[in-house]
Amino acid sequence: MSPTIFRIFVAWLLAGVLLTPRASAAPNFDPPDPDAVSFATETVELDAVGLRIGVPVGGNAETRQIAGRTTIAIELPDGIGTVMIQSRETDGKPLSVLDLEKAIMRRTLFRSLTDERIRLEIDLAVETDAGISLGRAPAIPAAGRIVRPFYVRLKEQSAQAMRGFSVVQLEPEVFVLFQLFSSDESFLLARDAFELIVMSASLDDGAALDTQRAQRVAAGVGVLDVLTRDDLAAVVADTPDQFERIYRPAPGGAAVDEEEVGYRRVRAWLGSPEDVDTGEPTGDGPGPGYVLRVDGSVLLDDGLGGTSRADSRAVYYMSPDRRQESWKVEMSVREEGKRKPEVWNEVGFRLGESMSVQITHLNEKGLSSTIRPSIEGDSYISRVEAYLMPALLIHLKREGTYSFYAYDQAAEVNRLRTITTELAADRPGLWRVTTTLPGDQEERTEYNEYGRLIRSETSEGVVKVPIEFDRLYEIWRAKKLPLN
């Protein structure tokens, strides 16, 4: 017996396969009830492929890193199940939707066995020691395609033994996998919600926006191709050491009624990786790389009349060749009435296309987790560059729209950000810059001809302006805000 046939034979034994499908036909699922869930105006986006997905009212969506893949997790209303969504590639081998579905079925019911000689008919019920296939649901539309979800019940002891799958193929080598996890009791309701979520998927506004996205990413790569060490050094050297006030303007325009949100201090210098630990230049002179430090404080409202404050210090480093970066973020949250703050640390490192981020909650006996965000192509920029990019584009005198992938600390993944720059026709030397993040979050900023901040405002109405420290201190003191 050859080694290959032996491994296959052992795998069949370990999987405990019942080689003959059961004679009974698969259950005849009804089409999903269109009134099973309603959708909020909020959508989530799978950035890598430009796919937008609806979020049911009463549900919750977040983006995670699972096994190095960007994953959208949607918790269904009333806890009836979870939908996980990932984009995947076929390692350069074009596969049909049916091929992909059969591969998923093999991995689910035959566990480690992926031998293609096992014949599967997804429309029929098949049973193994791992689980029972329940057949397909009727065809539904998704992202301009027609898909047919299928379902499996695992035999393992699990609170969510019912599983659903739907494959949306975007290109011959790229597809999006939707997976449902639910209990026996909630399955019928969860299946309706799952299929309606699949049906909500759309590729933005179609192929035109896909082309536009590709053009913007290509434009971003073009900027990185011409960006030199001298350009980076010049912008870092010209970045002022300044405080910035963060606030919400008063509805009536009165300065006394403006709401303070927080403040930050920004510094940048030519330095080395050691500066990340010290937070200060450590050498006798300028180092070979680029360092950015941002200290900040934000006031938090708990919604019950109480307030707390989050203080942070973040230091980022990037090497001259852009291939290496590291950073450290320290944050403490002080709640009113509590003596001891909650403390978190984040330590990140990247070398080439390998990236890891460790997050530690120091108050919970050093409880920590490590994530490894995937790098999305040649348009990735470091955290130093993400902050400096508007000033870099102004330095290069580049007007246009550019897209880059950068690490998003809040989402804990690398996400696409788009930056549009234009010279103001009505004010000589003024640059207007709009930065757009997934979920239609925007920041509109004005810079002078040297790339220095004049004023910014987010889509949520939060304003940021440079300010002298003495003036900032006076504003906070007058409003009896915490200054220690």
Side-chain angles (χ1 to χ4, degrees), residues 45 47 50 204-205 208-240 242 244-246 264 266-268 290 292 294 316 318 322 325 376-409 414-466:
E45 184 171 358
D47 295 337
D204 293 328
D205 289 334
L209 280 183
D210 284 346
T211 301
Q212 188 179 68
R213 176 193 297 267
Q215 290 172 342
R216 291 174 175 177
V217 169
V221 173
V223 167
L224 299 179
D225 285 343
V226 302
L227 192 64
T228 67
R229 298 184 183 187
D230 289 342
D231 294 324
L232 284 160
V235 170
V236 167
D238 200 46
T239 299
Q242 70 180 18
E244 296 169 357
R245 178 190 175 203
I246 308 170
R264 69 180 188 176
V266 180
R267 287 171 277 178
Y290 318 100
L292 172 73
V294 182
Y316 309 96
M318 184 183 74
R322 303 184 57 251
E325 65 177 309
E376 305 283 357
D378 295 333
S379 63
Y380 173 84
I381 56 176
S382 69
R383 305 202 67 183
V384 171
E385 293 168 303
Y387 176 84
L388 295 177
M389 189 53 67
L392 288 166
L393 291 170
I394 293 169
H395 172 80
L396 296 172
K397 295 180 170 53
R398 290 286 188 115
E399 289 188 86
T401 301
Y402 311 88
S403 290
F404 308 90
Y405 286 94
Y407 182 70
D408 184 327
Q409 181 177 345
N414 289 311
R415 306 177 78 185
L416 194 70
R417 61 175 58 207
T418 299
I419 302 174
T420 300
T421 59
E422 62 174 343
L423 263 171
D426 55 338
R427 292 174 59 184
L430 179 73
W431 286 80
R432 292 193 173 101
V433 178
T434 301
T435 301
T436 306
L437 299 176
D440 298 326
Q441 301 176 67
E442 277 192 354
E443 183 175 17
R444 298 169 296 279
T445 312
E446 293 182 343
Y447 293 90
N448 67 15
E449 60 188 309
Y450 305 108
R452 295 191 176 186
L453 173 69
I454 298 174
R455 183 183 189 276
S456 81
E457 182 171 357
T458 70
S459 51
E460 298 177 344
V462 176
V463 172
K464 182 166 68 248
V465 294

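We're numbering straight along the sequence, starting at 1. This is a predicted model, so every value here is computed, not measured.
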>> Checking D238 against R452 for the side-chain contact (heavy atoms from CB on, under 4.5 Å) test, could you report, in this order, the C-alpha distance in whole Å, the side-chain angles of both residues, the deciding distance, and whether it holds?
In response: CA-CA 9 Å; D238 200 46; R452 295 191 176 186; 3.0 Å; yes
> Which pair of non-hydrogen atoms, one from A386 and one from P390, has the smallest distance, and what is that distance?
Replying inline: O-CD, 4.2 Å
>> Check whether D408 reaches the backbone of N414 with its side chain - one donor and one acceptor, N or O, closer than 3.5 Å.
In response: no
>> I need the minimum non-hydrogen distance between V465 and R455, along with the two atoms involved.
In response: CG1-CG, 3.8 Å
> Could you give the distance from CD (Q242) to CG (L453), rounded to the nearest 0.5 Å?
Replying inline: 6.0 Å
> Quick one: side-chain hydrogen bond (donor to acceptor under 3.5 Å, both in side chains) partners of R229, sequence neighbours excluded?
Replying inline: none
> Would a 4.5 Å heavy-atom cut-off, applied to side chains only, mark V266 and Y387 as touching?
Replying inline: yes
>> On a heavy-atom basis, which atom in L430 and which in Y447 lie closest, and how many Å separate them?
In response: CD1-O, 3.4 Å
> Charged N to carboxylate O under 4.0 angstrom, R264 versus E244?
Replying inline: yes
>> Strictly by side chain to side chain donor-acceptor pair (under 3.5 Å), give each pair with a member in residues 390-401 just once, sequence neighbours left out.
In response: D231-H395, T401-T420
> Do the side chains of L416 and E45 get nearer than 4.5 Å, heavy atoms only?
Replying inline: no
>> How long is the straight-line distance from NZ of K464 back to CD of E443, given to the nearest 0.5 Å?
In response: 4.0 Å
> Which pair of heavy atoms, one from Y380 and one from Y407, lies closest together, and at what distance?
Replying inline: CE1-N, 4.3 Å
> Out of curiosity, E442 CD to T418 OG1, how far, rounded to the nearest 0.5 Å?
Replying inline: 10.0 Å
> How many angstroms lie between CD1 in I454 and CH2 in W431, if you round to the nearest 0.5 Å?
Replying inline: 12.5 Å
>> Within the structure provided, determine whether V223 and L393 are in side-chain contact (heavy-atom separation under 4.5 Å).
In response: yes
>> What I'd like to find out is whether the side chain of L227 reaches to under 4.5 Å of the side chain of E385, using heavy atoms alone.
In response: yes
>> Looking at every non-hydrogen atom in both residues, tell me the closest pair between G429 and L423 and how far apart they are.
In response: C-CD2, 4.5 Å
> Rounded to the nearest 0.5 Å, what separation is found between the CZ atom of R322 and the CG atom of L224?
Replying inline: 4.5 Å
>> As an exercise, state the distance from OG1 of T421 to CG of L392, rounded to the nearest 0.5 Å.
In response: 11.5 Å
